[in-house]
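By convention in this document, chain letters (A, B, ...) are assigned in the order of the sequence lines, proteins followed by strands, and residues within each chain are numbered from 1.
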Amino acid sequence: MNPAASAPVKIDVRGLTKRFGDLLVLDNISFQVARGEFLAIVGPTGCGKTTFLNCLSKLIPTSEGDIFIDGRVADPRVHNISFVFQEPTCLPWRTVRENVAYGMELKRFPAEKIRERVDTMLGLVGLSETQHLYPNQVSASMVQRITVARAFAVDPDLLLMDEPYGQLDVKLRYYLEDELVKLWQTLKATVIFVTHNIEEAVYVAERILVLSNKPTRIKAEVKVDLPRPRNLIDPAFVAIRKEVTELIRWW
Amino acid sequence: MAYEEVKVRKPLGLILLPFFSIFCFFGAWELIVRLGIVPATMLAAPSAVGNLFVEKLTNPNPDGATILVHAWVSMQEAFLGYLLALGIGLPLGLFMGWFGVVRGIARPIFELIRPIPPIAWIPLTVFWFGIGLWGKVFIIWLGGVVPCVINAFVGVRMTNPTLIQMARTYGASDWQIFKTLCVPSALPMVFGALQIALASCWTNLVAAELLAADQGLGYLITMGRRLALPDMVVLGMVSVGVMGALIGMVIDQVEKRLLAGIRR
Ligand SMILES: Nc1ncnc2c1ncn2[C@@H]1O[C@H](COP(=O)(O)OP(=O)(O)O)[C@@H](O)[C@H]1O
Ligand SMILES: [Mg+2]
């Protein structure tokens with residue numbers, strides 16, 4: 001499961017295994033992600049996608065195996081890891097602008113750099129106008145954009161996204177997916193995007209890992225070599241979507 | 001985009017009802033004493049208390065000070081105890097909520113001390129502080145510090161765990177999480193403590209002034225008992241009640257302002 005040989009390996013997951021007591025959730029998962037790659041991970045609900053990201057980000061310990069970033073064991077204090085959670089994680093007492101700055105503040109970026117980066121990010125995600133409002137004064141899609149902007153702002157080595165648009169309606173989702181791809185192309189981050197929505201995965205990713213049911217392994221790897229912006233009704237797009245759907249259904 | 005406030009019109013009867021209720025309460029009380037249902041040696045009529053109040057505005061006898069001096073002294077004691085309760089209780093509660101070491105050290109002691117009513121501390125207080133101002137402040141402080149610790153503690157414990165995880169993925173230290181997540185999350189509970197702690201301090205005032213005091217509203221009540229003057233006892237009680245209600249209203253306004261400031 002090697003990424004395109006051209007780009008250097010950024011993320012190296014080796015033998016990742018996670019048990020909760022007797023329950024084996026992740027079973028010896030290994031793969032690599034190239035620098036600047038956009039990888040999607042799809043799998044049925046409850047197969048352990050969130051658990052998997054929690055292990056990658058070191059929020060919970062692994063039972064066996066480990067994650068290496070640039071050849072070193074992943075560590076949130078050393079590497080820039082960003083995590084966009086399924087549920088909104090804006091701080092209600094901070095303005096939009098202050099929320100976008102939060103990750104950089106935690107990482108003690110210099111004030112001048114924070115100001116610059118926040119301005120750039122607000123412009124990229126179209127929040128400049130609303131930067132002085134509070135999260136409860138903006139719409140649900142804007143709230144998720146704040147967290148995406150905050151995640152990209154720290155110039156992450158690894159950006160993890162856990163079904164970030166799962167709770168938004170379809171139209172908004174297409175819009176935000178386009179925006180996400182644009183951000184990724186502009187800022188060149190390495191992204192692991194988790195979803196149970198196959199169409200979404202094919203739309204955003206360069207490569208898709210398909211997970212099995214529990215105990216979860218990587219069942220297949222699908223390359224998505226389509227030009228952008230992608231077209232949902234392009235026969236090549238539909239073919240890949242069907243391929244992934246079949247992979248999830250057959251086990 | 002401002003929403004127009006929905007105005008609910010209150011019928012005149014409902015507006016007047018509280019006044020009517022107060023009027024009936026005092027009217028019935030006056031009648032009970034006037035008609036001799038309860039003898040005047042056991043309960044003073046509102047009119048007698050009112051007369052005494054007017055007299056005590058200027059006359060320091062027989063208890064040694066005017067009512068305003070008593071009230072002022074009580075206020076000072078209560079607010080000193082209150083401020084110390086906030087200054088010590090809130091940080092302690094906040095730290096206990098987030099730092100396991102502080103919780104491990106302070107919680108067992110706190111849980112042991114908490115059920116002891118402040119009044120039970122009076123003898124020890126006399127040994128430690130004598131009978132001056134600081135003894136009274138200590139008793140009042142004991143009453144106020146408990147709700148401060150509890151509210152601040154609970155406020156921190158209610159911090160959304162997903163926010164903490166989010167901060168962790170950015171490599172946040174324990175101190176950064178405490179400062180940027182736990183404290184802001186606890187603020188509504190902390191503001192709630194302002195009100196509760198003050199009520200608690202004020203309630204303990206009379207107990208504190210059981211310590212040999214020579215001024216204060218609690219002292220006025222004690223003196224009324226010693227001199228067998230029911231109107232003085234009732235005047236002291238009513239003063240404690242009215243002032244407590246007034247202070248409560250002020251703090252309520254302060255709390256609303258503060259909350260509006262962080263909630264927007
Ligand atoms: N803290 C935990 N303790 C025990 N079991 C857990 C825990 N977290 C997740 N699981 C189990 O792991 C499995 C995968 O959960 P999760 O990673 O949330 O799935 P997904 O995100 O793919 O929907 C579920 O069966 C769940 O019951
Ligand atoms: Mg999940």
Side-chain angles (χ1 to χ4, degrees), chain A residues 50 53-60 69 74-96 98-109 132-138 146-148 150-162 164 192, chain B residues 1-6 90-91 93-95 97-100 151-194 254-264:
Chain A
T50 298
L53 290 187
N54 287 343
C55 288
L56 289 190
S57 63
K58 297 289 175 147
L59 279 175
I60 58 175
I69 300 181
D75 177 355
R77 306 294 283 270
V78 175
H79 298 109
N80 279 353
I81 301 174
S82 288
F83 199 140
V84 178
F85 291 81
Q86 209 164 348
E87 54 266 68
T89 49
C90 283
L91 313 187
W93 53 84
R94 280 177 172 239
T95 62
V96 170
E98 291 163 350
N99 263 292
V100 173
Y102 184 64
M104 291 188 280
E105 284 174 25
L106 290 178
K107 291 184 174 296
R108 302 186 198 287
F109 281 36
H132 297 300
L133 295 180
Y134 284 82
N136 65 358
Q137 296 171 313
V138 302
I146 298 170
T147 53
V148 170
R150 178 176 66 198
F152 272 104
V154 296
D155 194 12
D157 293 306
L158 173 59
L159 173 54
L160 304 170
M161 305 185 84
D162 190 3
I192 298 184
Chain B
M1 184 174 47
Y3 292 95
E4 201 166 324
E5 210 174 308
V6 182
L90 293 177
L94 291 171
F95 283 119
W98 178 240
F99 294 101
N151 269 42
F153 176 82
V154 172
V156 169
R157 303 299 287 175
M158 288 191 330
T159 308
N160 179 349
T162 312
L163 293 186
I164 295 176
Q165 290 197 336
M166 181 269 290
R168 287 251 186 257
T169 58
Y170 285 110
S173 65
D174 278 350
W175 177 251
Q176 282 180 317
I177 291 177
F178 176 72
K179 210 175 58 174
T180 62
L181 294 180
C182 296
V183 172
S185 300
L187 276 191
M189 287 296 283
V190 165
F191 289 141
L194 297 186
V254 172
E255 194 190 323
K256 273 193 191 130
R257 293 269 162 80
L258 290 173
L259 271 184
I262 59 159
R263 282 261 170 90
R264 262 162 288 214

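Note: A:Leu59 leads A:Thr147, A:Asp75, A:Leu59 in heavy-atom pairs under 4.5 Å with chain B. No other option in A:Val84, A:Leu106, A:Leu160 has as many heavy-atom pairs under 4.5 Å with chain B as A:Leu106.
The distance from the CG atom of A:Asn54 to the CD atom of B:Gln165 is 5.5 Å, given to the nearest 0.5 Å. Going from atom OG of A:Ser57 over to atom CZ of B:Arg168 covers 12.0 Å, rounded to the nearest 0.5 Å.
Interface residue A:Ile81: backbone and side-chain heavy atoms are both found under 4.5 Å from chain B. Looking at B:Leu181, the atoms closer than 4.5 Å to chain A (heavy atoms on both sides) sit in the backbone and in the side chain alike. Contacts between A:Phe83 and chain B at a heavy-atom distance below 4.5 Å involve backbone atoms as well as side-chain atoms.
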Step-by-step side-chain contact (heavy atoms from CB on, under 4.5 Å) determination, A:Arg77 to B:Ser173: CA-CA 9 Å; A:Arg77 306 294 283 270; B:Ser173 65; 3.9 Å; yes
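Residues A:Leu91 and B:Thr180 share a closest heavy-atom pair of CD1-O, 4.4 Å. Considering all non-hydrogen atoms of both residues, A:Lys107 and B:Gly171 come closest at NZ-N, 4.5 Å.
With a 4.5 Å cut-off on side-chain heavy atoms, A:Arg108 and B:Gln176 count as touching. Contact check for A:Pro76 versus B:Thr169: no side-chain heavy atoms found under the 4.5 Å cut-off. Two residues are said to be in side-chain contact when any heavy atoms from C-beta on lie closer than 4.5 Å; B:Met166 and A:Arg150 meet this criterion. Contact of the B:Tyr170 side chain with the A:Ser82 side chain is registered, since non-hydrogen atoms from C-beta on lie closer than 4.5 Å.
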